[in-house]
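Worksheet: the structure to be examined is printed underneath.
From a predicted model like this one, the values you see are computed outputs, not experimental measurements.
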Amino acid sequence: MQNNEPRSTNRKDNKKWLKIGLPVAAVALIGAGAIGYTYWNEQQRNEQANDTGHSFVEALENQDYSQLSTLVSPESLETNDYTAEEVVERYETIYGGIGAADITAENVQVMEDEESERFTLTYELHMTTSLGELEPQAYEAVLQETEEGFRVDWSPELIFPEMEPGDTVRIRMESGERGDILDRNGEILAGEGLAWQAGLYPAALGEGEEREDNLQTVAEAFETTTERLESLLSAGWVTEESFVPFAIVEEGETEEVPGVLYQQTTARTYPLGEAAAHLIGYVGEVSAENIEADPTLQPGDIIGKSGLEATFDERLRGGKGGQISIETSEGDVKKVLQEAPVENGEDITLTIDASLQQTYFNGFDGQSGAAVVTEPATGELLVLASSPSYNPTQMTRGISQEDYQAYAEDENTPFLPRYTARFAPASTFKVLTAAIGLESGATTLDESHPITGLTWQKDASWGNYKVTRVSPVPTEVTLEDALVYSDNIFFAQEALEMGPETFMEGLQKFPFGETFDLPISMNPAQITNSGEFDSEMLLADTAFGQGELLMSPLHQAIFYSPFANGGDLVLPKLELQAEPAGTSQPIEPETAETVKEMLIQVVESPNGTAHALNDLPQMLAAKTGTAEAQETEDGTKNNGSFLVFDPQGNSFLSLVMMEDRGGSEVVEAFRPVLEQTLGQE
């Protein structure tokens, strides 16, 4: 029989173990859960504190002060007697006032003190101000745990360390003197000069109707409005004995007007006025757009608005100096945050000859056109003149809307710098066709073309297209004849004989399609719209300077320089101290000499289109041109151009273009200019 007693005992022992073990296991599980929850909760707190700290710093970097204010603890605002809106305003006023930009934070850390279980945010802030790069600032703030999560305990020290309630930040700025723009002889083209500041004297304006009448008289005399004058007089600081400035006038313009006094001052002046306005440009007060583009600028700053004043603005303006400091409510300086010395702007000397610039501008006598004069051997630009023009002083001092509108709507486009505007060069371009023909062998000196009549076409395939020349003689035309008489038919035939490939290859030795390293804006010259000769008619037209050719007067002066320089094309230069821009040799010296001798005959031959210059005291080489520019209601409007240079001393090369004139008319108009300038040498 089986003995079951031990089995029964074992069963009883197991039950006892189970009864004792269940409570122990439960306690162990509950303990583990509590530890896990505590760990999870701590992780949550760490993440929340970290998110708040980094969000606060990110709002600073983005200068999003509204977002920043939502991360500030209410208790800290109450302690410092601020509202969230006032925090936003404080940052905007202080950081905006010093021109804070490029704000970045480094070494951002959120750390917990294990004993106090408090979190602390530390970071280092980098920024630039109107005075340049500010020394990095170190910050520390407590993160307070609230019902909404962690918030930053804010105080003014988080704007700048050491700031306290009642303190403010002051910036004292001083701008350096703006540099002058000078001509090659040191004459001022743009600089500080004496002027007179006109100001209202309230005590002398009278009362009632007398005051109204006097203000109307002032408004009319100074081309302003009574509304503007009333606005100036209503300023809080104005008393009966105040001088209320409202305009700047030149010497000799201080007319007696009731209620107006004058004080001598300095102002940006442009001695050549309209004669150099397109080139030099003008200055003016910064706009909101200027400040947005360059946060170092402040309202009231003066910058270049157009021309070289704008192009060279950073060099001319120099650097601001001054001090940014924390001050107490009593005005005492607590801490200097940043200091910078004043740097005066740079003087810039141009290759321009002021006297020559004025003389050439006067030569237009108000007619539309442009003049470029160079020193061919160096590429130095002596004259860049455009007519009609505008008054740069008027633009600087504050032009009225009515006067500006008159300029803008003028059909003669006085704001257009015509020396860089592109036109068909017309017959002056024949000098290039002649040179390319000689170098290709297609043109020879002893060859002549039998040409009769005023028109010609290759064959009937040209349809209605015909090439026209000015004179029916000669009937046997050599290259020299073609240049002297400016014969379109001869050059059209020569281009066809060369063929499109040879002619294009010769033209591409010149800097078509290139932009020059000049501080003025200009589009490159072009040969054709497509870059190829798409037809024989286009090839023929291009040979005598029409077709799809586009060149500015400045391009022409550059491209034609090899005939004055023994074959060397010298690139232009506008800053006197700049390195030479470079040279190339698109034609051989012998070719340049040959064409130059023929251009002398354009002046010396009685049949030459520039023979009107023959009695001047110096030998000259020249070429004229007349381009059909555009159709108008009154017929075809022509542009006349005129190339002339010194073939012996190589002292100058001039290209003049006048609208609605023929080439010979341009010669007649500028003969007195040449007579005057040659007599001065």
So, does Asp183 use its side chain to make a donor-acceptor pair with the main chain of Asn185 at under 3.5 Å?
yes

**Study point:** ring pair (Phe, Tyr, Trp, His ring centres under 6.0 Å) evaluation trace for Phe652 with Phe645
**Key:** CA-CA 6 Å; Phe652 80 97; Phe645 62 90; 8.3 Å; no

Residue set satisfying side chain to side chain contact (heavy atoms under 4.5 Å, CB included) with Ala277, at least two apart, ordered chain then number -> Ser389, Tyr390, Pro392

- Apply salt bridge (Lys or Arg N to Asp or Glu O under 4.0 Å) to the pair Asp301 and Lys320, showing each step before the final yes or no. CA-CA 10 Å; Asp301 283 352; Lys320 290 182 179 179; 2.2 Å; yes

From the list Leu483, Val470, Thr624, Val667, side-chain contact (heavy atoms from CB on, under 4.5 Å) with Thr609 holds only for Thr624

Would you mind checking if Glu675 and Arg671 are paired as a salt bridge, meaning a charged N to carboxylate O distance below 4.0 Å?
yes

So ring-ring contact (aromatic ring centres under 6.0 Å, His included) across residues 550-578, not counting sequence neighbours, yields Phe512-Phe559

Any chance the rings of Tyr419 and Tyr360 have centres within less than 6.0 Å? no

Taking side chain as C-beta onward, heavy atoms only, is Asp313 less than 4.5 Å from Arg178? yes

message = Looking only at side-chain N and O atoms, does Glu289 offer a donor or acceptor that is under 3.5 Å from a partner on Ser287?
response = yes

So the side chain to side chain donor-acceptor pair (under 3.5 Å) pairs with at least one residue in residues 491-517 (sequence neighbours excluded) are Thr443-Glu494, His449-Gln493, His449-Glu494

Note to self: Does Glu133 have more than 12 heavy atoms from other residues, nucleotides or ligands lying within 6.0 Å of its CD?
What the structure shows: no

Using ring centroids (six-membered ring only for Trp), state whether Phe670 and Phe642 fall under 6.0 Å.
no

Aromatic ring centroids of Tyr270 and Tyr282 under 6.0 Å? no

inquiry  = Please check: side-chain N/O of Glu665 versus main-chain N/O of Gly662, any donor-acceptor pairing under 3.5 Å?
reply    = yes

